[in-house]
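First comes the structure, then the notes that go with it.
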Amino acid sequence: MTSTAEEPTTTSSPPEVPGAARPASPMLRRRVLAAELKAMRRAAGLTHVEVARRLGWQQGKVSKIESAKQGVGIDAVIALAETCNAEPEHRERLVGLARDARARGWWESYADVLPPARRTYVGLEADADVIRGFAAEVVPDLFQTRDYASSAAGWAEQEPGSGFERRLELLLRRQEQLLERHPAEFDIVLSESALRRAAGAPEQLRHLVDLAQRPDVTIRVLPFSVGAVPVESSFSLLEFRRNPHPDLVFVSGRTDCAYFEDEADVASYRETLVRLEEMAMSPYDSVEFIEEVL
């Protein structure tokens with residue numbers, strides 16, 4: 001149940017969001033809409049309980065909407081905007097976000113091979129402006145060739161009925177979206193271990209060299225010679241610069257995927273990534289190193 005002790009943050013005017021970019025991904029639209037509704041309520045000086053009471057809703061509904069745990073229809077958005085005395089331009093933007101958020105993302109057709117946590121990642125990845133990260137043992141999936149991806153998946157997963165072909169199709173679709181149609185900026189620290197394990201796949205190493213020539217891709221190799229590193233697992237940091245959405249960290253395992261939104265958690269991973277970048281080779285030296293391994 002929503003607490004009545006919540007102290008809203010009162011400001012003299014609503015948040016300046018009407019001119020912000022509209023996300024392309026329905027996943028991000030839903031989350032941006034939730035954040036803007038929360039900011040609007042706080043700007044109006046209202047608590048969850050006060051808004052719910054005025055609209056005749058259950059107390060927990062407003063909280064769930066603002067945390068993107070519950071969808072919100074156009075009529076509800078209009079009601080919230082009126083209750084919070086939103087300016088017409090702001091209300092129009094919120095209604096547009098609500099309408100667009102009802103669309104289905106292309107990745108949702110892969111629900112049979114895409115668990116909920118990974119579905120969230122793929123949906124948010126589609127609108128990330130910058131993708132940074134650390135790859136410990138395996139080349140990042142968005143940089144993988146088809147043959148390398150097949151090998152990394154393991155032969156057992158390639159048996160008929162395993163869903164391997166669907167997962168591979170999904171991977172190639174993500175690569176097409178983020179490297180060709182709507183290219184993001186990439187800055188990746190790649191462990192020497194991942195390179196050595198890929199040494200038997202020269203096509204994969206050549207692909208990394210080719211990617212590193214792109215102005216939107218930066219690859220830094222973390223050599224064994226630097227010794228111990230401050231992190232064990234691979235992770236990705238998604239940065240959103242065109243939309244009012246906080247940056248996110250995803251830690252992906254073989255069978256699961258966890259993501260962190262808390263500001264302190266994200267800051268901790270960001271600091272770790274900066275440290276890894278300092279320990280790694282320069283982008284130029286990294287390309288030479290990959291060529292030597294090749």
Side-chain angles (χ1 to χ4, degrees), residues 21 24-25 106-107 121-122 124-153 167-226 229 231 233-243 247-250 252 269-270 272-294:
S25 160
W106 63 263
W107 57 88
Y121 176 76
V122 173
L124 294 174
E125 171 193 73
D127 249 333
D129 296 299
V130 180
I131 299 177
R132 303 170 62 195
F134 170 63
E137 298 293 333
V138 181
V139 172
D141 48 5
L142 291 175
F143 290 177
Q144 293 179 4
T145 63
R146 184 186 184 95
D147 289 344
Y148 179 88
S150 299
S151 176
R167 283 191 289 273
L168 182 59
E169 179 183 326
L170 169 63
L171 173 60
L172 297 178
R173 182 79 179 273
R174 287 171 58 205
Q175 292 177 350
E176 178 187 16
Q177 292 289 326
L178 286 160
L179 288 167
E180 304 301 334
R181 293 192 178 185
H182 308 287
E185 180 182 333
F186 292 88
D187 196 337
I188 304 298
V189 176
L190 184 62
S191 169
E192 180 179 348
S193 178
L195 284 180
R196 296 296 180 185
R197 294 184 189 282
E203 179 185 357
Q204 175 63 70
L205 296 181
R206 292 192 189 96
H207 185 55
L208 288 175
V209 172
D210 290 341
L211 286 171
Q213 310 307 313
R214 294 175 50 142
D216 54 351
V217 175
T218 299
I219 297 176
R220 311 169 198 266
V221 173
L222 186 68
F224 291 143
S225 59
V226 300
V229 296
V231 66
S233 303
S234 301
F235 66 91
S236 298
L237 171 61
L238 303 186
E239 297 183 352
F240 303 89
R241 299 178 179 177
R242 294 171 299 168
N243 289 286
D247 297 341
L248 301 171
V249 170
F250 283 78
S252 181
Y269 274 97
R270 194 187 303 279
T272 298
L273 190 54
V274 169
R275 177 59 180 146
L276 291 171
E277 291 173 348
E278 293 172 345
M279 298 170 69
M281 299 177 179
S282 70
Y284 178 83
D285 290 339
S286 295
V287 172
E288 287 198 335
F289 188 86
I290 296 173
E291 291 175 334
E292 289 177 6
V293 174
L294 177 61

Straight-line distance of [X] [atom1] to [Y] [atom2], nearest 0.5 Å:
X	Y	atom1	atom2	value
D210	T145	CG	OG1	11.5 Å
L172	L142	CG	CG	10.5 Å
E176	H182	CD	NE2	9.5 Å
L273	E278	CG	CD	10.0 Å
L222	I188	CG	CD1	13.0 Å
L195	L294	CG	CG	10.5 Å

Using side-chain heavy atoms (C-beta onward) and a distance below 4.5 Å, is [X] in contact with [Y]?
X	Y	result
R220	L276	no
W106	L170	yes
Y121	S236	yes
D141	R174	yes
Q204	D147	no
M281	L190	no
V293	V221	no
L238	I131	yes

Of all heavy-atom pairs between [X] and [Y], which one has the smallest distance, and what is that distance?
X	Y	value
A280	P223	CA-CD, 4.5 Å
S150	L168	OG-CD2, 4.1 Å
F224	E192	N-OE1, 2.7 Å
R241	D129	N-OD2, 2.6 Å
I290	I219	CD1-CG2, 4.4 Å
S193	A136	CB-O, 3.7 Å

- request: Start with the C-alpha distance between V274 and R132, add both sets of side-chain angles, then the distance that settles side chain to side chain contact (heavy atoms under 4.5 Å, CB included), and finish with yes or no.
  value: CA-CA 10 Å; V274 169; R132 303 170 62 195; 4.2 Å; yes
- request: Would you please test F186 and T218 for side chain to side chain contact (heavy atoms under 4.5 Å, CB included) and show each step?
  value: CA-CA 6 Å; F186 292 88; T218 299; over 6 Å; no
query: Can you tell which of F250, F235, F134 makes a ring-ring contact (aromatic ring centres under 6.0 Å, His included) with Y269?
result: F235
Does the [X] side chain pair with the main chain of [Y], one donor and one acceptor, at a distance under 3.5 Å?
X	Y	value
E239	V130	no
E288	Y284	no
Q144	V139	yes

- prompt: In terms of side-chain geometry, is the basic nitrogen of E125 or R173 positioned less than 4.0 Å from the acidic oxygen of its partner?
  reply: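 No.
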message: I'd like to know if E203 and R146 make a salt bridge, using a cut-off of under 4.0 Å between side-chain N and carboxylate O.
response: no
query: What do you reckon, is CZ of R214 surrounded by more than 12 foreign heavy atoms closer than 6.0 Å?
result: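 Counting neighbours around CZ of R214, more than 12 heavy atoms of other residues, nucleotides or ligands fall under 6.0 Å, so yes.
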